Amino acid sequence: MRITDAKVIVTSPGRNFVTLKITTSDGVTGIGDATLNGRELSVASYLRDHVCPLLIGRDPARIEDTWQYLYRGAYWRRGPVTMTAIAAVDTALWDIKGKVAGLPVYQLLGGRSRAGVTVYGHANGETIPEVLDEVARYVDLGYRAVRVQCGIPGLDATYGVSRDKMFYEPADANLPSEATWSTERYLRVVPELFAAVRDRFGYDLRILHDIHHRLTPIEAGGLGSRLEEYAPFWLEDPVPAELQDGFRLIRQHTTAPIAVGEVFNSIWDCEQLIREQLIDFIRATVVHAGGITHLRRIFDLAALHHVRTGSHGATDLSPACMSAALHLDIAVPNFGIQEYMRHTEATDEVFPHGYRFADGYLHPSEEPGLGVDIDEKLAARYPYEPAYLPVNRLTDGSMHNW
Ligand code: GCO
Ligand code: MG
């Protein structure tokens, strides 16, 4: 069997998605997510212009060899564009392997390690009472874990808060919108938010929070120590993670569990964080971290160092990524939790999939392969629309991390 076609599909059913579809000489097809939010067309071009031509005629069964060929063979290693493109190929090839074997991919990864994949939802609101109502909505839906994000008085917009509660979408403009940030104001609100959530929902619910790269290590250590009494399940991306040594400082000041890695694209981005046990959860995911093959390698390194998984699962990761993530989540020994931001109906229609939510768990599809497809006719009805994530400035106008 040979690869006879590799096609890049760009579609925007409410938001942009890039998908790679590989077809073999036996007519088996596989798909992989290639979406890089705000930089979608760069991956589409990388695939179309530099990867698809190399795939034609290759044996689709040789997943590891193809991964190495695209990684080593590019000479220029790593980076989000390259690794997202490699991920798309890798994911599509696993899909094909599963279909050829007649097995869901998780069976090829060693089989089930648990009954279901515990997921968390993203409860948000302008005010603390609004957030509490959203948490209640998730609890009613059966969620066992909820991430809480609240507006900051005096700031007109902040990460994680939106009008479209269930379908949070940060890429909101055709040129980056500008938000204002104040660490002082933020640090006053978060402990109040945690106190209110614990007060209303008690301690059985797992509570998470995303700091979204906004603090310095010492600020994060201080916030973590103030939140310890509310037993956070994790604090996410407390600081930008280029400086991995900075996490030692956070560790010296708090036992609040730390989750990092949604912007990581290779094992080398988290090798020190994992080896020195500076984090508790690794948030890398299939689409941005080199596919199932490479993410499994990251998860295995993490398992040796008491680090659990907590993969990114925002709306900008398509159902093709979510499907693949769930096969890994159900199989690996050190699974922690999976983010699950629901997609809109339009997105779900373009990507018919077999995973389902029940009782706070997501369950991977039992169909052979990954159990996800793309409806190309429908996809063609939604042309690409430029959309960017916002940028952030301090109150004096200096650029800050968004
Ligand atoms: C999350 C993330 C997202 C990102 C988005 C960027 O934890 O869900 O932080 O909301 O901002 O995926 O494209
Ligand atoms: Mg995040």
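Whatever order the structure lists ligands and atoms in, that order sets their numbers, starting from 1. Nothing here was measured: the structure is a model prediction, and the numbers come from that model.
Ligand 1 places these atoms under 4.0 Å from at least one heavy atom of Met341: 8 (O). Under a 4.0 Å criterion applied to the non-hydrogen atoms of Trp402, ligand 1 contributes the atoms 11 (O). Heavy-atom proximity to His212, at under 4.0 Å, picks out these atoms of ligand 1: 4 (C), 9 (O), 11 (O). Within ligand 1, the atoms closer than 4.0 Å to a non-hydrogen atom of Glu236 are 1 (C), 7 (O), numbered from 1 in the order shown. Those atoms of ligand 1 that come under 4.0 Å of a heavy atom in Ala314, given as number and element, are 3 (C), 8 (O), 12 (O). Which parts of ligand 1 touch Arg283 is read off a 4.0 Å heavy-atom cut-off, strictly below it: atoms 1 (C), 7 (O).
A distance below 6.0 Å separates the ring centres of His353 and Tyr355. Taking the six-membered ring for Trp and the full ring otherwise, Tyr340 and Tyr361 have centroids separated by 6.0 Å or more. For Tyr120 and Trp234, the gap between ring centers is short of 6.0 Å.
Asp210 contributes atom OD2 as its closest N/O/S atom to the Mg ion (ligand 2).
A donor-acceptor contact closer than 3.5 angstrom is absent between the side chains of Tyr168 and Asn124.
Annotation: atom 10 (O) of ligand 1 to nearest protein heavy atom, Tyr159 OH, 2.9 Å. For atom 2 (C) of ligand 1, the closest non-hydrogen atom on the protein side is Glu262 OE2, 3.0 Å. The protein heavy-atom contact nearest to atom 12 (O) of ligand 1 is Asp316 OD1, 2.8 Å. Nearest to atom 8 (O) of ligand 1 among the protein's heavy atoms is Glu339 OE2, 2.5 Å.
Here Glu236 meets the criterion, with an N, O or S atom under 2.8 Å of the Mg ion (ligand 2). For a distance bound of 2.8 Å, the N, O or S atoms of Glu262 include one lying that close to the Mg ion (ligand 2).
Taking all atoms of both residues into account, the shortest heavy-atom contact from Thr285 to Cys321 is OG1-SG, 3.9 Å.
In this structure, His122 falls outside the shell of residues with a heavy atom less than 4.0 angstrom from ligand 1.
Here the CD1 atom belonging to Ile292 is positioned 8.0 Å from the CD1 atom belonging to Ile63, to the nearest 0.5 angstrom. To the nearest 0.5 Å, the span separating CG on Asp33 from OG1 on Thr91 amounts to 7.5 Å.
Looking at Arg15 against ligand 1, nothing comes within 4.0 Å, counting heavy atoms.
In this structure, Arg137 does not pair ionically with Asp140, as no charged nitrogen and carboxylate oxygen lie closer than 4.0 Å. At a threshold of 4.0 Å, the pair Arg296-Asp300 counts as salt-bridged, since one of the basic side-chain nitrogens sits closer than that to a carboxylate oxygen. A salt bridge links Glu366 with Arg112: the closest approach of a Lys/Arg side-chain nitrogen to an acidic carboxylate oxygen falls below 4.0 angstrom.
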